[in-house]
Amino acid sequence: HEHHKGQTPKLDFPLERIQIDHTLVDVVCTGTHDRGHVGRLWITLAIDEATRAILAFVLSWEYPNASTVAQCLYRVMIPKDEWLKRVGTERVWPMFGKPDRVYLDNASEFSSRALRFGCNQYNIGLEHRPKGLPHFGGIIERVVGTVMTEMRLLSAATAKRRGFSKVKTISPNEKAEMSREELEAWLIEFICGKYHNRPHSSTRQNPQLAWLRGIYGTERRAGRGAPAVPKDKQKIYLDFADIETRTIERYGIRWDNILYWGEVLRPFLDAGDQ
């Protein structure tokens with residue numbers, strides 16, 4: 001019933017349901033290896049509904065699709081130590097784990113066989129927003145708005161540093177000072193250093209504390225318990241990867257006009273003859 005009013009059903013614990021959405025960032029970036037490539041990146045964000053913690057994000061030059069969502073879910077489900085180490089930050093980002101349900105926009109890029117297959121493999125419920133209805137309580141819009149506001153401040157600071165008074169008058173080529181990797185590092189710094197450690201406008205709790213209480217419990221109630229660390233991270237990645245089908249012929253399979261054969265294919269070929 002609440003669903004149709006666009007209100008937020010009460011969630012008690014972290015990872016009961018997460019929301020994933022995307023938007024175009026407000027900072028113009030350059031390519032990492034090609035500084036001549038200038039443009040705005042898309043950010044795909046995953047939010048935990050109960051605690052408002054940000055569980056993961058993905059930056060991409062291309063319009064987000066099911067692959068982007070899959071990559072975001074992969075980052076949600078595994079500990080972030082390796083990612084943080086690669087970025088070179090000392091920040092702590094303790095949020096990870098397999099969500100019970102994922103709530104997505106109804107856009108077609110969020111519907112794919114790969115995404116459904118991955119969610120089925122891990123018993124993750126997949127929910128889509130009914131057309132014409134806002135997200136529950138605007139949860140993800142508010143978090144995205146917070147991140148974008150901070151980015152506009154970053155954009156303005158970049159402009160000021162270069163001697164421009166109005167951000168709008170700057171051409172993208174003049175304004176672009178950050179690479180994708182630099183923006184990724186800045187976002188991690190903002191999320192882990194600021195956003196998770198200050199009270200959220202709706203819940204009045206800071207997301208980090210809400211997460212820790214929800215996972216480990218308080219004196220008054222038990223927590224959900226620490227999420228299991230996946231044994232096979234590669235399998236998670238592959239389970240959410242794009243799916244393409246090919247017919248197995250006598251010669252094997254053809255992929256991008258290249259022929260592949262392996263003994264692993266023989267049982268499928270024999271089965272087809274029966």
Side-chain angles (χ1 to χ4, degrees), residues 11 13-22 42-50 53-87 93-129 140 184 188 211 215 224-248 252-256 258 260-269 271-272:
L11 297 166
F13 293 104
L15 296 170
E16 279 191 335
R17 187 166 63 184
I18 72 172
Q19 290 190 11
I20 298 180
D21 209 354
H22 60 253
W42 287 91
I43 184 169
T44 300
L45 272 169
I47 313 296
D48 180 65
E49 277 194 29
I54 297 176
L55 299 174
F57 70 85
V58 172
L59 291 171
S60 60
W61 289 109
E62 296 176 357
Y63 188 82
N65 52 40
S67 297
T68 322
V69 175
Q71 192 182 348
C72 193
L73 263 174
Y74 170 75
R75 284 185 170 174
V76 166
M77 290 172 69
I78 67 168
K80 297 177 176 52
D81 313 5
E82 288 176 24
W83 182 21
L84 297 176
K85 188 177 178 183
R86 177 174 59 75
V87 170
W93 193 344
M95 297 84 179
F96 82 94
K98 182 188 82 67
D100 298 334
R101 289 174 289 157
V102 179
Y103 183 63
L104 301 163
D105 195 10
N106 55 31
S108 58
E109 71 269 12
F110 284 175
S111 302
S112 76
R113 271 196 308 160
L115 195 57
R116 287 197 300 273
F117 177 85
C119 287
N120 284 337
Q121 285 289 98
Y122 296 94
N123 197 26
I124 298 170
L126 201 51
E127 299 177 8
H128 285 83
R129 166 166 58 153
I140 198 151
E184 182 179 56
I188 289 172
W211 175 272
I215 294 292
R224 179 188 178 115
V229 177
K231 293 184 179 68
D232 191 345
K233 295 174 189 171
Q234 183 70 11
K235 184 179 186 306
I236 295 176
Y237 188 80
L238 292 174
D239 283 338
F240 282 98
D242 284 350
I243 295 172
E244 287 195 37
T245 53
R246 292 293 185 276
T247 305
I248 300 172
I253 63 168
R254 184 186 295 273
W255 196 294
D256 289 341
I258 300 173
Y260 294 92
W261 170 257
E263 286 300 319
V264 70
L265 300 176
R266 194 176 296 283
F268 298 100
L269 195 60

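It should be emphasised that the depicted structure is a prediction, and the values quoted were computed from it without experimental measurement. Quick note: residue numbers are just sequence positions, from 1.
With sequence neighbours left out, the side-chain contact (heavy atoms from CB on, under 4.5 Å) criterion links T68 to T44, V58, S60, P64, N65. Judged as a side chain to side chain donor-acceptor pair (under 3.5 Å), and not counting sequence neighbours, the contacts of E263 are R266. With sequence neighbours excluded, the residues that form a side-chain contact (heavy atoms from CB on, under 4.5 Å) with P79 are D81, F96, V229, P230. W261 meets the ring pair (Phe, Tyr, Trp, His ring centres under 6.0 Å) test with no other residue; sequence neighbours excluded. Under the rule for a side-chain contact (heavy atoms from CB on, under 4.5 Å), the partners of Y260 that lie at least two apart in sequence or sit in another chain are I253, W255, I258. For the salt bridge (charged side-chain N to carboxylate O under 4.0 Å, His left out) test, residues two or more places apart in sequence or in another chain that qualify with K235 are D239.
Within the 4.5 Å cutoff, the side chain of K98 has heavy atoms near those of the I124 side chain. Counting heavy atoms from C-beta outward, Y122 and I236 have side chains that approach closer than 4.5 Å. A heavy-atom distance below 4.5 Å is not found between the side chains of E16 and E49. For the pair W42 and L59, the minimum side-chain heavy-atom distance is 4.5 Å or more. With contacts defined as side-chain heavy-atom distances shorter than 4.5 Å, the pair I215/P227 qualifies. Looking at W211 and L15, their side chains come closer than 4.5 Å, going by heavy atoms from C-beta outward.
Here the two rings, on Y74 and W83, have centers that are 6.0 Å apart or farther.
For residues 53-75, the pairs satisfying salt bridge (charged side-chain N to carboxylate O under 4.0 Å, His left out) are R75-E184, with sequence neighbours left out. Identified under the salt bridge (charged side-chain N to carboxylate O under 4.0 Å, His left out) test for residues 225-234, with sequence neighbours left out: E82-K233.
By the 30° and 60° cut-offs, the orientation of the rings of H22 relative to Y63 is perpendicular.
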(message) Under the criterion side-chain contact (heavy atoms from CB on, under 4.5 Å), I'd like the reasoning laid out for I54 against W93: C-alpha separation, chi angles, the key distance, then a yes or no.
(response) CA-CA 9 Å; I54 297 176; W93 193 344; 4.1 Å; yes
